[in-house]
Engineer: 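Sharing a structure here in structure tokens format.
Values in this document were obtained by computation on a predicted structure and should not be read as measured data.
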Amino acid sequence: MAHLAFSRRTFLAATAATTLAGPLSAASADPDILVVGAGAAGLAAARRLLALGRSVTVVEARDRLGGRVHTDDRLGIAFDAGAQYIHWAERNPWREIASELGVATRPEDAGGSLGVYANGVVLPEAERGRRRRAFGRVDDVVAEAAKQDRSIAAAVAEGGPDLVAAASGLTRLTLGEEPDRVSCADYDQLWSGDDLIVTEGYGRLVTRFGAGLPVRLGVPVSRIDWSGDGIAAETPAGTIRARAALVTVPVGVLQEGGIRFAPDLPAET
């Protein structure tokens, strides 16, 4: 497993958005920038571009803002069906955004309605305590193993079933990846800190952040032509032309060909 020499900060910056642009024309009635996707990255990009004096149009395939951040209250309480915590709040810009918008937050460990289940049964507190201790041991093992480029699975292999299970839960929850595919050296570079829960729902915070932005909902982009001056994005509502496109959809959408590009994206992208 190769050690990738970048921090989580640079990784997030690199993957937050892909920008495509042809030569810029001097004058056009079309927007300067078309932002594809009204999740957190797309909304933040639109706000920044507007602050820089650019004209912007944001298109979103779903019928709501937020992307993978969504608060569902159909069960009678606010339930975050996507992102749930403001992770590493000491560095996370969403903490300041929540404060500016007057959205209440609380520490993750301050109690609440979170529960832990196994096979549909609530785990006894003794079992939850055993699992918490195992998670703490994983952190210690990974920190020691970070001196070498070993997978987390290899590092905990001799630690017993509790440690192996905790390692799987840790990498799946934090990275969406199996422990044999995560390097201890890379994981050791991740930020750490306090987690906050948005009391009214993380999705509602992101929706409030996007209020007032020039967003068109229910407008999926099927193809982006960036072969000439600017770009042309094909949608069911017609072709949208702009000087450049900033694409913030999930990587999986691109991998599955949800948006086609002409010409194709460069191999390194």
Side-chain angles (χ1 to χ4, degrees), residues 1-16 40-41 68-69 79-98 105-199 202 205 250-252:
M1 182 179 297
H3 177 204
L4 303 179
F6 50 72
S7 68
R8 183 171 180 82
R9 179 189 294 274
T10 55
F11 174 78
L12 288 173
T15 58
R68 289 172 288 178
V69 186
F79 172 76
D80 280 317
Q84 186 170 24
Y85 307 105
I86 298 180
H87 282 299
W88 311 312
E90 294 85 347
R91 305 189 186 195
N92 195 320
W94 283 101
R95 179 178 192 168
E96 184 176 345
I97 292 169
T105 61
R106 61 174 173 80
E108 183 272 331
D109 60 0
S113 57
L114 300 180
V116 181
Y117 296 77
N119 300 317
V121 179
V122 178
L123 284 184
E125 184 54 40
E127 173 68 10
R128 293 186 66 174
R130 188 165 65 89
R131 292 189 175 212
R132 282 194 295 268
R133 290 190 293 274
F135 268 93
R137 288 169 55 209
V138 169
D139 281 339
D140 294 338
V141 170
V142 170
E144 178 62 28
K147 300 171 185 176
Q148 309 170 38
D149 189 14
R150 303 174 63 200
S151 74
I152 288 182
V156 303
E158 304 299 323
D162 284 353
L163 205 63
V164 170
S168 296
L170 183 70
T171 62
R172 290 168 181 166
L173 284 170
T174 59
L175 300 174
E177 188 57 273
E178 297 299 324
D180 61 332
R181 291 174 53 83
V182 178
S183 162
C184 290
D186 279 344
Y187 189 85
D188 193 54
Q189 297 183 68
L190 291 176
W191 293 347
S192 61
D194 294 334
D195 292 338
L196 297 178
I197 289 178
V198 182
T199 306
Y202 207 155
L205 167 59
V251 173

Engineer: Is a side-chain N or O of Asp149 found less than 3.5 angstrom from the main chain of Ala185, in a donor-acceptor match?
Structural biologist: no
Engineer: Ignoring hydrogens, what is the shortest heavy-atom contact between Ile86 and Trp94? Give both atom names and the distance.
Structural biologist: CD1-O, 3.9 Å
Engineer: Begin from the C-alpha positions of Arg132 and Glu125 and carry the test salt bridge (charged side-chain N to carboxylate O under 4.0 Å, His left out) through to its verdict.
Structural biologist: CA-CA 10 Å; Arg132 282 194 295 268; Glu125 184 54 40; 2.6 Å; yes
Engineer: Please report the shortest heavy-atom distance between Asp180 and Ser151, naming the atom on each side.
Structural biologist: O-CB, 3.6 Å
Engineer: Using 0.5 Å steps for rounding, measure from the CG atom of Asp140 to the CZ atom of Phe135.
Structural biologist: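 One finds 13.5 Å between CG of Asp140 and CZ of Phe135.
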Engineer: Supply the atom-to-atom distance Leu196 CG to Arg95 CZ, rounded to the nearest 0.5 angstrom.
Structural biologist: 5.0 Å
Engineer: Would you say the side chain of Arg172 lies within less than 4.5 Å of the side chain of Glu177, judging by non-hydrogen atoms?
Structural biologist: no
Engineer: As an exercise, state the distance from OG of Ser183 to CD of Gln189, rounded to the nearest 0.5 Å.
Structural biologist: 8.5 Å
Engineer: Where do Leu205 and Val198 come nearest, in terms of heavy atoms and distance?
Structural biologist: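 Scanning both residues, the minimum pair turns out to be CD2-CG2, 4.0 Å.
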Engineer: Once rounded to the nearest 0.5 Å, what's the spacing between atom CG of Asp139 and atom CG of Leu170?
Structural biologist: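 One finds 6.0 Å between CG of Asp139 and CG of Leu170.
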Engineer: Atom CG of Asp195 and atom CD of Glu90: how far apart are they, to the nearest 0.5 Å?
Structural biologist: 9.0 Å
Engineer: Would you indicate whether the side-chain heavy atoms of Ile197 and Tyr85 approach each other to under 4.5 Å?
Structural biologist: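 They are in contact (side-chain heavy atoms under 4.5 Å apart), so the answer is yes.
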Engineer: Could you check whether any side-chain N or O of Asp80 sits under 3.5 Å from a backbone N or O of Tyr202, counting only pairs where one atom can act as donor and the other as acceptor?
Structural biologist: yes
Engineer: Taking all atoms of both residues into account, what is the closest heavy-atom pair of Cys184 and Ala155, and its distance?
Structural biologist: SG-CB, 3.8 Å
Engineer: Please report the closest heavy-atom contact between Ala167 and Pro179, naming both atoms and the distance.
Structural biologist: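 Here Ala167 and Pro179 meet closest at O-CB, 4.2 Å.
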Engineer: Looking only at heavy atoms, what is the nearest atom pair of Glu178 and Thr171, with distance?
Structural biologist: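 Shortest heavy-atom separation between Glu178 and Thr171 comes out as C-OG1, 3.7 Å.
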Engineer: In Å and rounded to the nearest 0.5 Å, what is the CG to CZ distance from Leu123 to Arg128?
Structural biologist: 7.5 Å
